[in-house]
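Remarks on the structure that follows.
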2 protein chains.
Amino acid sequence: MSQTSFSTRERILGVAEALFARHGFAGASLRQVTATAKVNLAAVNYHFGSKDGLIEEVFRRRLDELNRERLAALTKAGDGKLEDVLDAFIRPALNQSLHSQGGAAFVRVLARAYAEHDERLRRFLSDNYGHVLREFAQVFARLLPHLDKDELYWRLDILAGAVTYAMADFGIIKRRASTSEEVHRRQAVDHLIGFAAAGLRAPPSPG
Amino acid sequence: MSQTSFSTRERILGVAEALFARHGFAGASLRQVTATAKVNLAAVNYHFGSKDGLIEEVFRRRLDELNRERLAALTKAGDGKLEDVLDAFIRPALNQSLHSQGGAAFVRVLARAYAEHDERLRRFLSDNYGHVLREFAQVFARLLPHLDKDELYWRLDILAGAVTYAMADFGIIKRRASTSEEVHRRQAVDHLIGFAAAGLRAPPSPG
DNA sequence: ATTCGTCTCAAACGATCGTTTGAATCATAG
DNA sequence: CTATGATTCAAACGATCGTTTGAGACGAAT
């Protein structure tokens, strides 16, 4: 127990992350995962209990760090400009996808989880990480006093959609060969912040 | 042949649309589909050749009308305000989801298709309906002369993400029991238009 | 050297997948 | 009525799914 099999567990997690991102949770089989990771088929059930257990662990491994970074960035930018708070929300996702090998894949997995509308998974995300979103909502409410609660929630929902979609690289914009993936992602974040800031600052709708 | 089995074919399409929206293309089995539609299992292969054939037909059935409506609305709003063009792009999706029974499900299927990153499917969508997006891009370019081509494409990509996400009902906003689904969707469209218009009009980013 | 968890392995389990088959059923035209 | 093509049906196909099993390999502690 003191030195649990690091290599096998970690290889499974990394490969699963990539394959879930590409083919979805139902579309990627454990046989694909274990074959790609060059481990035995039974290793998944041994280390994670079940396929669902593996899926949960794929999330837990990254989300803990992501949300810790988000909260740290939020407290640092707490009373600053709207753009700073947006940055605190968006940039950690960018960092995730850069300084860890499978991070980009994970951001895609996260977006897919929202798309798959899996109630079990949504409950898991809401229970474990909902407080982060609530803290951001509070700060946004202070920075956007011209919006009532309904209006603010509508816009944050739209923002979440745009961020999720963009971060998951679903978009149609093709990165040029001349710009590195890192530069491309930084551009995406900058454009997202500018777009979202303007959208949030817009006057309340007549409705 | 003159009067091909309307009922069976159509029931399969409707049920498939709903189940694909809920469980994904890999997650919804033909046995689920045919059992729910109360038709024989073999009927899918008989009428559509294969599961992939069924998926393609689910798209074709709705996209033809959706894009026809979008183009009609675009020519009507061609030289109007930015909000009108956004309306022409967004509202037909809303209408799709209202005046046809499974329309709401289809919009979710469409969003999922983007999320699934299936190259075969993306090619199919791009080949058959890419010209619609190109026409909208031209109009946006005329209405937003302060943005260069790169900046405009970035923002349209963000817009597409927000629209896709919102229309697919992925968001966290729960509709109140007091407001009908139709009212809820209209509110979503109005908020989207306001948000997107402000985002598109924002000054160019310093980059 | 032996014991004891931890881990890996090949093999098999039953269930479910998409698809195919061939006969039964139906509607329609000759 | 009969012949013909279109459609439905129950049943089965082989493939693949997630999971379980029991034996063997490995390292550390006694």
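Chain identifiers are assigned alphabetically (A, B, ...) following the order of the sequence lines, protein sequences preceding nucleic acid strands; residue numbering begins at 1 within each chain.
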Write down the distance between CZ (B/F48) and P (C/dT19), rounded to a whole number of angstrom.
13 Å
Side chain of A/S29: nearest nucleotide among C/dC7, D/dC17, C/dT19?
D/dC17
Between C/dT6, D/dT8, D/dG18, spot the one nearest the side chain of A/K51, thanks.
D/dG18
Residue set satisfying side chain to side chain donor-acceptor pair (under 3.5 Å) with A/D87, at least two apart, ordered chain then number -> A/R91
Hey, can you tell me if A/W154 and B/H191 have their rings parallel, tilted or perpendicular (30° and 60° cut-offs)?
parallel
Whether A/T8 contacts C/dT8 is assessed here as follows: a side-chain N or O lying under 4.0 Å from the phosphate OP1 or OP2. Is that the case?
yes
Output the residues of residues 35-45 of chain A in contact with DNA chain C, where contact means a heavy atom of the residue under 4.0 Å from an atom of the strand; sort by number or write none.
A/N40, A/A42
Looking at B/H47, does any N or O in its side chain come under 4.0 Å of the phosphate oxygens OP1/OP2 on D/dA6?
no
Once you round it to whole Å, what is the distance between P of D/dG18 and CG of A/L30?
4 Å
Take atom OH of A/Y46 and atom C1' of D/dG22, then tell me their distance rounded to the nearest Å.
14 Å
Angle between the end axes of the helix from C/dA1-D/dT30 to C/dG30-D/dC1, five pairs per end, to the nearest 10 degrees?
10°
Could A/R61 and A/E57 be called an ion pair, given the rule that one side-chain N must be under 4.0 Å from one carboxylate O?
no
Residue whose nearest DNA chain D nucleotide is more 5′ - A/G49 or A/Q32
A/Q32
B/R31 CZ - D/dC13 P separation (whole Å)
13 Å
